[in-house]
Amino acid sequence: MAKVAVIGAGIVGVSSAEWLRRDGHEVVLIDPKGPAGETSAGNAGLIAAPSVSPTQYPGVEWRALRDLALGGAFRLDWGRLPHLAPWLFAFWRNSGAVRVRELANAIHTIAGDAVEQHRILAAGTPAADFIGEGEWWHLHRSTLPKDNKGVAIKREFGFPVRVVAEAELRDRDPHLNPAYRSAFALGGYGRISDPAAYVQALAAHFQDGGGRLLLTAARDLRPMENGVKVTCEGETLDVDKVVLACGVWTETFARQLGVRSRVISERGYHVECWGANRSPPDGVAYQLTDTLHVGHALRGRFRVTSISEPAGLDSPPSSRAMAYVRRGPRLFYPDLEQDRVTEWMGRRPSTPDSLPLIGAAPNNPNVLFAAGHQHIGLTAGPKTGRLIADLVSSRPPNIDLTPYAPNRFT
Ligand SMILES: Cc1cc2nc3c(=O)[nH]c(=O)nc-3n(C[C@H](O)[C@H](O)[C@H](O)COP(=O)(O)OP(=O)(O)OC[C@H]3O[C@@H](n4cnc5c(N)ncnc54)[C@H](O)[C@@H]3O)c2cc1C
């Protein structure tokens with residue numbers, strides 16, 4: 001059995017650490033902020049198994065330009081444009097119809113069975129209580145568009161989609177903004193009722209089972225003949241394998257290994273209305289198709305997320321983006337009231353082809369990448385963790401990992 005250090009305790013790192021522990025490895029999970037201290041805490045809480053479409057699509061540039069001109073959900077950290085431009089160009093190059101279909105296949109491979117993967121990982125632990133299932137309703141202000149590619153591709157991959165007419169909308173949610181008059185109800189989604197508490201429950205189970213959590217930052221990786229020296233603040237570890245599961249911070253370590261990860265920070269924001277008098281019906285999350293606000297009832301609060309904002313890693317949050325998200329709750333419910341509102345900004349680890357990096361570093365089989373899950377990290381974290389355990393335990397994975405090769409941008 002191997003000594004393994006997992007760097008990063010978001011959903012991807014915690015899932016990897018737990019699957020490795022179950023395989024009998026001696027695992028230390030390293031994170032200065034503890035489990036779910038960053039992106040894995042603030043997401044929309046959807047296990048988005050049917051969301052097979054990559055974030056790029058034919059014509060994405062026009063939506064982006066429109067949003068930039070009118071102040072929509074796509075934004076840019078303009079000060080970092082020189083740094084971001086090559087990534088944006090590569091992202092756009094992946095937006096042709098044929099390429100998008102290839103990417104959708106690869107996303108489906110790692111995310112399509114995500115609800116089941118979460119249930120298997122959490123079974124028999126307190127984390128299981130956070131998992132539910134339901135529909136994601138994409139709300140429209142007018143009649144539903146006939147030619148909806150996002151809907152068509154979900155159907156093609158076998159996920160149920162039904163039409164919600166105005167009468168059902170009013171019946172299920174009488175307080176919903178009457179401007180929204182119809183919806184596509186997308187089935188096959190899972191829900192996590194509190195993403196941070198869920199990841200923390202999985203991490204607690206990992207520790208109860210003998211895994212070690214080290215609350216410090218890893219600073220340096222030094223490949224040795226038969227392993228890796230990991231220098232952390234306050235401690236140095238000699239391990240057989242290292243798993244890089246540190247989200248947007250992966251690039252720092254990738255560079256040390258001569259790998260170009262191309263993971264950038266694509267920021268998103270949320271507001272939470274605690275003690276709200278309104279929220280979506282049980283088992284339903286909403287998306288406003290015109291403004292791209294997502295609304296989901298989590299434990300004790302109504303969380304609204306939005307914004308895709310490629311940005312520098314350490315740039316301060318944008319007050320304009322935050323203001324855009326703050327408008328969201330009342331777009332859902334014009335008569336919304338709440339006890340208090342909290343706000344958050346987080347960093348999606350995003351690659352130019354919308355696929356994560358999963359697998360060994362090209363020049364070092366003892367360092368494994370598990371990063372770059374962009375908009376679906378909560379969804380695909382558990383399966384990624386299982387694949388990482390397969391690789392460390394020398395079990396051939398039952399999927400082809402080529403599309404996720406960590407050296408594909410190097
Ligand atoms: C607004 C928003 C909504 C979203 N909605 C959804 C959704 O509904 N469904 C979905 O599937 N996904 C969603 N996502 C995406 C999802 O949240 C991310 O893909 C996922 O959380 C990434 O997980 P991670 O473990 O890779 O990274 P993180 O959760 O960011 O974890 C990385 C960890 O690495 C640690 N770290 C960094 N540097 C070091 C170091 N030197 N040493 C040790 N540790 C280090 C950090 O402290 C951090 O805890 C959303 C994201 C946003 C922003």
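Atoms within each ligand, like the ligands themselves, are counted from 1 in listed order.
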For ligand 1, does W136 get within less than 4.0 Å through its side chain, its backbone, both, or neither, judged by non-hydrogen atoms? neither
Please verify whether a non-hydrogen atom of P32 lies at under 4.0 Å from ligand 1. yes
Check the angle between the aromatic planes of W87 and F91 and answer parallel, tilted or perpendicular using the 30° and 60° thresholds. parallel
For atom 9 (N) of ligand 1, the closest protein heavy atom turns out to be L46 O, 2.8 Å
Does ligand 1 have a heavy atom under 4.0 Å from the side chain of R267, from its backbone, from both, or from neither? neither
Min N/O separation S40 to ligand 1 under 3.5 Å: yes
Using a 4.0 Å heavy-atom cut-off, say whether H270 meets ligand 1 through its side chain, its backbone, both or neither. neither
Please work out whether the ring planes of F332 and Y286 are parallel, tilted or perpendicular, with thresholds of 30° and 60°. parallel
Please identify which of these residues, R303, R299, R326, meets the salt bridge (Lys or Arg N to Asp or Glu O under 4.0 Å) condition with E272. R303
Within 45 degrees of the ring normal and closer than 6.0 Å to the centroid, is that where the cationic atom of R141 sits relative to Y180? yes
Please say whether the positively charged group of R219, taken as NZ for Lys or CZ for Arg, lies over the ring of F253, i.e. under 6.0 angstrom from the six-membered ring centre and within 45 degrees of the axis. no
Any A48 heavy atom less than 4.0 Å from ligand 1: no
